[in-house]
A.B. asks: 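Below: one structure in structure tokens.
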Amino acid sequence: MTQRTQRHSILRSHLPVLAGIMRGIEKEGLRVDGHGMLAATKHPVALGSALTNPQITTDYSEALLELITGTHTSVPALLAELENVHRFVAGKLNNELIWNQSMPAHLPPEADIPIAWYGTSNTGMLKHVYRRGLAVRYGKAMQCIAGVHYNFSVPDNFWEILGTEGATPEEKRSKGYLALIRNFTRYSWLLMYLFGSSPAVSARFLEGTAHNLLALDDDTLYLPHATSLRMSDLGYNNKAQSDLQLCYNDIETFLKRVYDAVSTPWPPYEAMGTHRDGEWIQLNTNLLQIENEYYSSIRPKRTVERCERPATALAARGVQYIEVRCLDIDPTAPVGISAQTSYFMDAFLLFCAVEDSPYFPNNGFCRDSQDNFALVSKSGRQPGLALVNSNKPIALADWGREILERVLPYADLLDAAYGGQNHVQAVLAQSPKVADPENTPSAQALRHLRDERLSFHDYTLRQSRAHHEALRAQPLDDAIQQQFLAGVASSLQAQTDIEQSDTESFTEYVARYHAALKKPVAA
């Protein structure tokens, strides 16, 4: 019996542990006006406090909503909550709607893109100044790109059942999630191919910027074989981070490299300084202001307390869950992700968690995996495209079929745990995409633009408006509506309480926040 077969057998005898898998979603979306221009209004008070509302907040910009679910043990419950949040928000947006695409709507001049505001508390100002730092470091426009973040965790006894090494449950959990991340890094190019939905962008988005995109019409730029311009080097990326290579072989080395990045000065940022005209413009002059500035397709995560640093929390209590950050918004789904995609993600991530996951050589970094991901993002539908697997070329179609075949038994395990055939059907539904690139979402998106002779902007605006109207046409149950309203009121009061409780200056608070970063134990 192979190790893989043995693990399948073990998991089949422990199906309740699979039924305990938790998933959550954070979905971004720009607020736009009726013409598809970035909304110039402040974050609506009717949505509560962006600082303290756990379901409705903002990301980079005041106009970039982030809609958040709790964690759920089933896909239907997960998407039901996400839809309810969308329906509540749609009902509170006056003459505005959510742009349901990863690549942005028409943006105003850079100076007029509003940075998210979280009030006058030290906590709120820290979030705001961090975003000021992103603006001076990388510009505002790229950070208006949106996506779907998929959070995933397994019960702690999952790692015990699999025999994951470790002296404590926390150590086993961290080792298990890092092994998942290594496999995700190897195979995540497939997600770009199967679900990438951003092969085009408005020409206005790149106005004045050098690029190699082609013109589809006067207002649309594209790459003929791209799957996800969002996740390509055209999207939000950090030039200063190009040499920063995190290691997922062990938590100690990972944390050391994160610590070095957030504590090492970077000359161009030193030249900027932290203040301009008496105002904070960035939290510090290091390569990264904070840990989350490192942009990656997946992150090891855990919850943190107020003024606690993510790296310090990971060092103290280990990895709690993983956050997948590379999914494009699905423009055909009113909430940005379909049930089929979610079912597939569960099977794919379980596959990544269970399959053998050797350490990466070359100081813990896999160049081939990074190159495969980048290549598929920009050229994934190119006929005959070859990737690199174990230092050998392999046709994308052949490797895609192989991975789907390996994921299928995990989908079957999940269906055995949950009932029905949703996971298996979700995996089988991907085979036509691998067989013919014209079946991928990115190819279909370009086909719609050509067939309907609409620009990227006009087509997306029409889709977003249709989704908005459909959501508004289904009012929330009164009890659920009242829960949202209570959450709005509670969040506004919570922000006031935080602001009134501050007893130190912002400068002192920033110093304390930086001091909260503890140097990790050497690997």
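On a predicted model such as this, the values are computed, not experimentally measured, just so you know.
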A.B. asks: Mind jotting down which residue pairs meet the side-chain hydrogen bond (donor to acceptor under 3.5 Å, both in side chains) criterion with at least one end in residues 478-494? Sequence neighbours excluded, please.
C.D. replies: Gln493-Asp497
A.B. asks: Do Arg381 side-chain atoms and Ala226 backbone N/O form a donor-acceptor pair below 3.5 Å?
C.D. replies: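 Judged by distance alone, yes, a pair lies under 3.5 Å.
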A.B. asks: Please evaluate residues Lys433 and Glu438 with respect to the criterion salt bridge (charged side-chain N to carboxylate O under 4.0 Å, His left out), reporting the C-alpha separation (whole Å), side-chain torsions for both, the decisive distance (0.1 Å), and the verdict.
C.D. replies: CA-CA 7 Å; Lys433 300 179 187 178; Glu438 288 302 305; over 6 Å; no
A.B. asks: Apply the ring-ring contact (aromatic ring centres under 6.0 Å, His included) test between Tyr187 and each candidate in Tyr193, Phe351, Phe348; give the one that qualifies.
C.D. replies: Phe351
A.B. asks: Do Ser174 side-chain atoms and Val319 backbone N/O form a donor-acceptor pair below 3.5 Å?
C.D. replies: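 A pair under 3.5 Å: yes.
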A.B. asks: Compute the ring centroids of Phe344 and Phe195, then answer whether they are less than 6.0 Å apart.
C.D. replies: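 Close enough - the centres of the two rings lie under 6.0 Å apart.
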A.B. asks: Between the side chains of Arg309 and Glu291, is the shortest nitrogen-to-carboxylate-oxygen separation below 4.0 Å, so that they form an ion pair?
C.D. replies: yes
A.B. asks: Does a salt bridge link Glu323 with Arg325, judged by any charged N lying under 4.0 Å from a carboxylate O?
C.D. replies: yes
A.B. asks: Is there side-chain contact between Leu428 and Leu404, with at least one heavy-atom pair below 4.5 Å?
C.D. replies: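 Leu428 does not reach Leu404 side chain to side chain.
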A.B. asks: Gln430 side chain to Ala426 main-chain N or O, any donor-acceptor pair under 3.5 Å?
C.D. replies: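 Answer holds: yes.
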A.B. asks: Is a side-chain N or O of Asn249 found less than 3.5 angstrom from the main chain of Tyr359, in a donor-acceptor match?
C.D. replies: no
A.B. asks: Restricting to pairs with a member in residues 48-59, which pass side-chain hydrogen bond (donor to acceptor under 3.5 Å, both in side chains), not counting sequence neighbours?
C.D. replies: Ser49-Thr52, Ser49-Gln495, Gln55-Glu81, Thr58-Tyr118
A.B. asks: What's the shortest heavy-atom distance between Val148 and Lys27, and which atoms?
C.D. replies: CG2-CG, 3.8 Å
A.B. asks: Does anything in residues 155-185 pair up under ring-ring contact (aromatic ring centres under 6.0 Å, His included), and if so which pairs, sequence neighbours excluded?
C.D. replies: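 The answer is Trp159-Tyr177.
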A.B. asks: Ignoring hydrogens and geometry, is there a side-chain-to-backbone donor-acceptor pair from His468 to Ser464 under 3.5 Å?
C.D. replies: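 Flag not set: sc His468 to bb Ser464 has no pair under 3.5 Å.
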A.B. asks: Short question: side chain of Thr312, backbone of Glu308 - any donor-acceptor pair under 3.5 Å?
C.D. replies: no
A.B. asks: Under 6.0 Å between the ring centres of Phe152 and Tyr321?
C.D. replies: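 No: the rings miss the under 6.0 Å criterion.
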A.B. asks: Taking Lys175 first and then Glu165, would you say they form a salt bridge - that is, a charged N and a carboxylate O separated by under 4.0 Å?
C.D. replies: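 Between Glu165 and Lys175 there is no salt bridge, as every charged N stays at least 4.0 Å from the carboxylate O atoms.
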A.B. asks: Do Glu405 and Arg401 meet the salt-bridge criterion of a basic N to acidic O distance under 4.0 Å?
C.D. replies: no
A.B. asks: With distance as the sole criterion, is a donor-acceptor pair present between the side chains of Thr253 and Tyr248 under 3.5 Å?
C.D. replies: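 Judged by distance alone, the side chains do not pair up.
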A.B. asks: Test your reading of the model: is there a side-chain donor-acceptor pair from Thr227 to the backbone of Val376, 3.5 Å cut-off?
C.D. replies: yes
A.B. asks: Assign the ring pair Tyr418 / His423 to parallel, tilted or perpendicular, where the plane angle (0 to 90°) is split at 30° and 60°.
C.D. replies: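 It falls in the tilted class, 30° to 60°.
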A.B. asks: Should we count CD of Glu170 as having more than 12 external heavy atoms under 6.0 Å?
C.D. replies: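 Yes, because the 6.0 Å sphere around CD of Glu170 holds more than 12 heavy atoms from other groups.
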A.B. asks: Could you walk me through whether Arg87 and Glu83 pass salt bridge (charged side-chain N to carboxylate O under 4.0 Å, His left out), step by step?
C.D. replies: CA-CA 6 Å; Arg87 287 162 68 187; Glu83 182 175 330; 3.8 Å; yes
A.B. asks: Output yes when Arg186 and Asp368 qualify as a salt bridge under the 4.0 Å nitrogen-oxygen rule, no when they do not.
C.D. replies: no
A.B. asks: Tell me whether the rings of Phe484 and Phe88 are parallel (<30°), tilted (30 to 60°) or perpendicular (>60°).
C.D. replies: parallel
A.B. asks: Taking Asn183 for its side chain and Cys352 for its backbone only, find out whether a donor-acceptor pair lies under 3.5 Å.
C.D. replies: yes
A.B. asks: Give a yes or no on whether the backbone of Val324 and the side-chain of Asn151 come within a donor-acceptor separation of less than 3.5 Å.
C.D. replies: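 Looks like no, no N/O pair under 3.5 Å.
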A.B. asks: Ile25 pairs by side-chain contact (heavy atoms from CB on, under 4.5 Å) with which of Thr71, Leu78, Leu67?
C.D. replies: Leu78
A.B. asks: Roughly how far, to the nearest 0.5 Å, is OG of Ser61 from CD of Gln143?
C.D. replies: 10.0 Å
A.B. asks: One thing to verify: whether Arg12 and Asp412 come together as a salt bridge, which I'm taking to mean a side-chain N less than 4.0 angstrom from a carboxylate O.
C.D. replies: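 Result for this pair is yes, salt bridge flagged.
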A.B. asks: Thinking salt bridges, do Asp356 and Arg7 make one under a 4.0 Å N-O criterion?
C.D. replies: yes
A.B. asks: Output the distance between atom OG (Ser102) and atom CG (Asp328), rounded to the nearest 0.5 Å.
C.D. replies: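 Ser102 atom OG to Asp328 atom CG measures 4.0 Å (nearest 0.5 Å).
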A.B. asks: Does atom CD of Glu402 have more than 12 heavy-atom neighbours from other groups under 6.0 Å away?
C.D. replies: yes
A.B. asks: For the side chain of Arg302 and the backbone of Leu314, is there at least one donor-acceptor N/O pair under 3.5 Å apart?
C.D. replies: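 Absent.
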